[in-house]
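Single-structure report; data block below.
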There are 2 protein chains.
Amino acid sequence: MTPLYAAPLYVKVKTHILEQIRSGALQAGSRVPSENELVESFKISRMTANRALNELTTEGHLARVPGVGTFVKEATPRSSLLELRNIADEIIARGHKYTSRVEHLGEVVATPNLIEDFELKSSTKLFHIVIVHEENGMPVQFEDRYVNPFCAPNFLKQDFTAQTPTAYLLTTLPVDELEHNVEAILPDANQQRRLKIAATEPCLSLHRRSWSKGHVVTSATLIYPASRYALYSRYHTTSKGQVTQ
Amino acid sequence: MTPLYAAPLYVKVKTHILEQIRSGALQAGSRVPSENELVESFKISRMTANRALNELTTEGHLARVPGVGTFVKEATPRSSLLELRNIADEIIARGHKYTSRVEHLGEVVATPNLIEDFELKSSTKLFHIVIVHEENGMPVQFEDRYVNPFCAPNFLKQDFTAQTPTAYLLTTLPVDELEHNVEAILPDANQQRRLKIAATEPCLSLHRRSWSKGHVVTSATLIYPASRYALYSRYHTTSKGQVTQ
DNA sequence: TGTATAAGGTTGTCTATACAGTATAAGAGA
DNA sequence: TCTCTTATACTGTATAGACAACCTTATACA
């Protein structure tokens with residue numbers, strides 16, 4: 001993980017502005033420093049300031065208007081299909097009994113795939129947990145999760161029968177960004193056994209990455225047997241396809 | 001739309017490379033010209049070439065390796081999960097060829113299930129279309145859609161080989177509300193035949209209802225073969241408790 | 001008062017140059 | 001043959017300067 005003092009200048013500028021947005025010092029709609037003002041305050045060249053503001057714009061945080069200035073964009077809250085919810089709370093909210101079995105908990109060395117997932121430069125150790133969540137004794141979710149030790153150093157010391165990994169990470173770190181990829185799969189042998197399902201039962205595979213302060217905190221694959229789970233959402237939109245609610 | 005001859009230089013370079021990818025002159029994994037080679041051939045400065053290649057990289061088309069070169073990335077076949085996007089646009093954006101086959105187009109009398117879906121009081125006629133969308137000749141989506149004639153009376157007169165139902169409805173009506181339900185399924189006999197897949201291949205089933213001005217405009221079931229497609233989304237979250245457990 | 005003009009700030013683009021870090025291939029030496 | 005060194009190519013970052021286009025505001029003029 002590159003420490004901030006060693007990061008490129010344009011990254012420092014980006015981080016500074018993002019922190020101001022997150023802290024509330026810069027509200028949606030308010031003006032951010034112009035390129036020339038950043039040149040002054042950071043003692044950088046205009047091209048470097050331009051790069052920082054441009055990248056924040058393509059990432060959706062800012063909006064730029066030629067001849068006028070740069071402004072913090074309105075956050076467009078997305079809705080529920082993929083809200084970050086704790087499955088234990090979901091099950092309890094349905095009035096059912098929640099239990100879980102931790103199948104594995106330990107450290108691994110990042111494989112090339114994991115290095116890419118976590119946006120790492122080189123291989124490091126990652127925390128790894130495999131846990132099966134049960135509703136009234138019936139397995140409903142197979143969770144295979146990797147966690148960045150840099151972001152959550154005390155992860156391994158938690159008791160995950162008392163608190164799900166999702167719940168622990170949510171209380172420990174703010175989530176800035178989410179990525180979801182949903183696929184349909186047939187379960188492999190291990191998943192069949194853990195979920196107590198037949199090899200022919202299709203499953204939803206939900207791969208989720210979470211960012212906090214620019215770092216990938218965790219990457220999880222959640223397997224749901226199709227007969228026991230579906231993803232649902234309903235929400236209002238504006239004319240431009242943005243989601244409100 | 002800015003004509004290409006009036007576009008900025010870095011846009012010309014980007015367009016040129018994208019065209020080469022689309023035409024097949026640049027295959028996935030093959031090397032694209034280095035910055036210095038672009039400097040030569042386009043008579044531009046290295047910073048301009050750098051910008052073009054960097055932007056194509058953040059857009060997901062290229063991958064860069066310091067000391068080695070820049071390469072065409074594998075296009076990941078996937079659809080937007082939360083946004084209402086036209087699959088034809090998504091396929092074309094990946095640089096692939098989009099085609100479609102209209103399997104059925106006509107009227108039906110609403111069944112009890114459809115009456116409920118469309119929030120109708122009594123049975124009326126509904127428009128019905130079945131269409132298979134193909135990427136490079138390979139079926140990737142089976143679309144089974146019902147449309148409310150009250151909202152889109154001219155639906156049947158459209159040419160759906162030229163424009164997808166989604167595209168037509170989006171340009172005709174504002175979307176106020178969306179409902180999604182995602183499941184994993186095994187395809188039925190008809191879907192197997194239309195999608196040219198085996199009975200054992202799991203599929204994503206995305207059921208979507210769209211509202212406009214309080215009425216259900218359309219109800220669609222979209223089937224994606226798992227091996228060919230995934231659903232994807234990535235977005236920022238606000239710190240104001242949008243992401244709750 | 002109303003209108004044109006000028007000035008200054010802002011973003012957008014482009015150039016030429018520089019240095020650092022990384023990967024690969026060629027060559028020298030053991 | 002094997003290993004170390006060197007040269008070369010490539011990307012990543014940063015600078016200083018330049019011109020264009022755009023917007024707002026102040027100013028001068030009719």
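Letters A, B, ... are given to chains in the order of the sequence lines, protein chains preceding strands, and every chain is numbered from 1. No experiment lies behind these values; they were computed from the predicted model shown.
Separation of the A:F160 and A:F155 ring centroids falls under the 6.0 Å cut-off. Checked against the 6.0 Å centroid threshold, A:H207 and A:H180 do not count as a close aromatic pair.
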*How does protein contact run along nucleotides 7-14 of chain D, one letter per nucleotide 5' to 3', with B for base contact, S for sugar-phosphate only, - for none, heavy atoms under 4.0 Å?*
---BBBBB
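Under 4.0 Å is where a charged nitrogen must lie from a carboxylate oxygen, and between A:E59 and A:K14 at least one such pair does. Using a 4.0 Å cut-off between charged side-chain N and carboxylate O, B:E90 and B:R94 make no salt bridge.
Checking each of B:H133, B:E134, B:E135 against B:Y98 for a side chain to side chain donor-acceptor pair (under 3.5 Å) leaves exactly one that passes, namely B:H133.
Side-chain atoms of A:D144 and A:T221 form no donor-acceptor pair, as typed in the model, at a separation below 3.5 Å. In this model, no donor atom of one side chain and acceptor atom of the other lie less than 3.5 Å apart for B:R64 and B:T57.
Mapping heavy-atom proximity under 4.0 Å, the span of DNA chain C touched by chain A runs 5' to 3' from C:dG9 to C:dC14.
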